[in-house]
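Accompanying notes for the structure given below.
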Protein chains: 2
Amino acid sequence: MNYLEINKVLSNQARVNILQWLKAPDENFPPHVDLGHFKDGVCAQYIQVKLKLSQSTVSHYLSMMEKVGLLIPTRHGKWTYYRRNEKTIKAYIHFLRMNL
Amino acid sequence: MNYLEINKVLSNQARVNILQWLKAPDENFPPHVDLGHFKDGVCAQYIQVKLKLSQSTVSHYLSMMEKVGLLIPTRHGKWTYYRRNEKTIKAYIHFLRMNL
DNA sequence: TCTACATATCGAGGTATGTCGATATGATGT
DNA sequence: ACATCATATCGACATACCTCGATATGTAGA
């Protein structure tokens, strides 16, 4: 858990939105055609549409969030689903509570 | 309390250090010649020396930390002392705990 | 194997941030 | 008023970030 790296990633409204939306996928996204559940999160495309940013930008954001441990990707066929990594998020907040 | 602004400010190791050092000024700084106490925090110069960054950079950092409500400045003659603004820091952490 | 689709990566332009030295401001003591 | 010291502000330049369109990669189905 690299606190500074995570902080940089969360210094952007779009990326914070992603994390917040994924707290309640069923309230923020339509059910996915193929899967019908949100166990593995939400596919990149739905996130991209909701963010109203280009596909390449959103893909980039998702992969940097994954890189610092905020998201966990799961591939289903051609779709990549992303869900929150609660472990890292909890550790991050704990670090702030202790050190800030 | 603007969460995103604060996050940007805290995406920098030097500025995080300032906040951490000011948690225990007596452990991190020599007693100030004129005042002999830390009620109003630590003067900019001591922070600058410890950070090993230029005077202008540190002054800039301190004023941006003040601007987002993380620090409170107090002027004593030609010295400006900075201390933590616990209210904002608490609100920031609370926001993260609720929204992240 | 060819096509279609979801995602990832590349390259690029504009904007923001990090950091500095130089200069300005404000306060103290002579 | 003047010299001195602490701090603040002003350019300036290098590096990083935001965001895009174009292209590449990987997967599924005809």
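Numbered from 1 within each chain, the chains take letters A, B, ... in sequence-line order. These numbers were taken from a predicted model, which means no experiment stands behind them.
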Got a sec: does the NZ of Lys67(B) have more than 12 other heavy atoms crowding it under 6.0 Å?
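Not buried by this count: 12 neighbours or fewer within 6.0 Å.
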How about His76(A): does its NE2 atom have over 12 heavy atoms from other parts shown lying under 6.0 Å from it?
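Buried by this count: over 12 neighbours within 6.0 Å.
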At what distance, to the nearest 0.5 angstrom, does CG of Leu51(A) lie from CD1 of Ile18(A)?
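Taking CG in Leu51(A) and CD1 in Ile18(A), the distance rounds to 5.0 Å.
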When rounded to the nearest 0.5 angstrom, what distance separates NZ in Lys39(A) from OH in Tyr81(A)?
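Rounded to the nearest 0.5 Å, the NZ-OH separation comes out at 12.5 Å.
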Gap between atoms [atom1] and [atom2], on [X] and [N] respectively (whole Å):
X	N	atom1	atom2	result
His76(B)	dC5(D)	NE2	C1'	17 Å
Met65(A)	dC18(D)	CE	P	12 Å
Gln48(B)	dG21(C)	CD	P	11 Å
Leu4(A)	dG18(C)	CG	C1'	13 Å

Determine whether the side chains of Ser59(B) and Ser56(B) contain a donor N or O and an acceptor N or O closer than 3.5 Å.
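Not at all, the side chains of Ser59(B) and Ser56(B) share no donor-acceptor pair under 3.5 Å.
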Salt bridge (charged side-chain N to carboxylate O under 4.0 Å, His left out) pairs, two or more places apart, involving residues 85-100 of chain B:
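Non-adjacent pairs meeting salt bridge (charged side-chain N to carboxylate O under 4.0 Å, His left out): Arg84(B)-Glu86(B).
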Please work out which residues in residues 20-30 of chain A have a non-hydrogen atom less than 4.0 Å from an atom of DNA chain D and list them by number.
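Close to the strand, none.
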Just by protein heavy atoms under 4.0 Å, how would nucleotides 7-17 of chain D read 5' to 3' in B, S and -?
BBB-------S
Parallel, tilted or perpendicular: ring planes of His32(A) versus Trp79(A), cut at 30 and 60 degrees:
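Plane angle over 60°, so perpendicular.
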Relative to the ring of Phe29(A), is the ring of Trp21(A) parallel (under 30°), tilted (30 to 60°) or perpendicular (over 60°)?
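Plane angle over 60°, so perpendicular.
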